[in-house]
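Right, one structure below, let's go through it.
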Amino acid sequence: KDHRRDNYDDNYDYRHNDDHYDHYNDRYDRNQTVTCESQGSRYNYCRANIRHNHVRLLRQLSKSSCRHGDDWGYDRRGIWVENGCRATFEVERD
């Protein structure tokens, strides 16, 4: 069982670049960037429109490690970080 999903709440840090969002068709035309930060090594969930897309770490901002599966991951609703991982992620559109 994934404890990260059990700890999900609506207190999240949500930052993304909305410049390429097509509101008429409810989709992104280009890749989206999301900055998600674990403050004080706590778990944080950052909402993003992942759906069937892939996420990759674009730029690590923290000195703490950011290993996929250990310190960060994602599901169709967003990206999670913990253990002090702070990074900018890219949601690659299919």
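FYI, the numbering just counts along the sequence from 1.
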Would you say that [X] contacts [Y] through its side chain, given a criterion of any heavy-atom pair below 4.5 Å between the two side chains?
{"X": "Trp72", "Y": "Val55", "value": "yes"}
{"X": "Arg56", "Y": "Glu92", "value": "yes"}
{"X": "Leu58", "Y": "Phe89", "value": "no"}
{"X": "Trp80", "Y": "Tyr43", "value": "yes"}

Between Thr88 and Thr33, does any side-chain donor sit less than 3.5 Å from a side-chain acceptor? no
Any side-chain donor paired with an acceptor under 3.5 Å for Ser41 and Asn83? no
Flag, side chain of [X] to backbone of [Y], donor-acceptor distance under 3.5 Å:
{"X": "Ser65", "Y": "Arg67", "result": "no"}
{"X": "Asn31", "Y": "Arg93", "result": "yes"}
{"X": "Tyr45", "Y": "Gly78", "result": "yes"}

Only one of Arg59, Gln60, Gln39, Lys63 passes side chain to side chain contact (heavy atoms under 4.5 Å, CB included) with Arg86; say which it is. Gln39
Shortest non-hydrogen contact from [X] toward [Y]:
{"X": "Ser62", "Y": "Cys85", "value": "OG-CA, 3.7 Å"}
{"X": "Cys36", "Y": "Val81", "value": "SG-CG2, 3.7 Å"}
{"X": "Leu57", "Y": "Cys66", "value": "CD1-CB, 3.6 Å"}

Which distance, rounded to the nearest 0.5 Å, do you find between the NE2 of His52 and the CZ of Arg76? 8.5 Å
Nearest-0.5 Å distance, CD of residue Gln32 to CG of residue Asn49: 6.5 Å
What verdict does the side-chain contact (heavy atoms from CB on, under 4.5 Å) test give for Leu61 and Thr35, after you've listed the backbone C-alpha separation in whole Å, the side-chain angles of each residue and the deciding distance to 0.1 Å? CA-CA 9 Å; Leu61 306 172; Thr35 299; 3.8 Å; yes
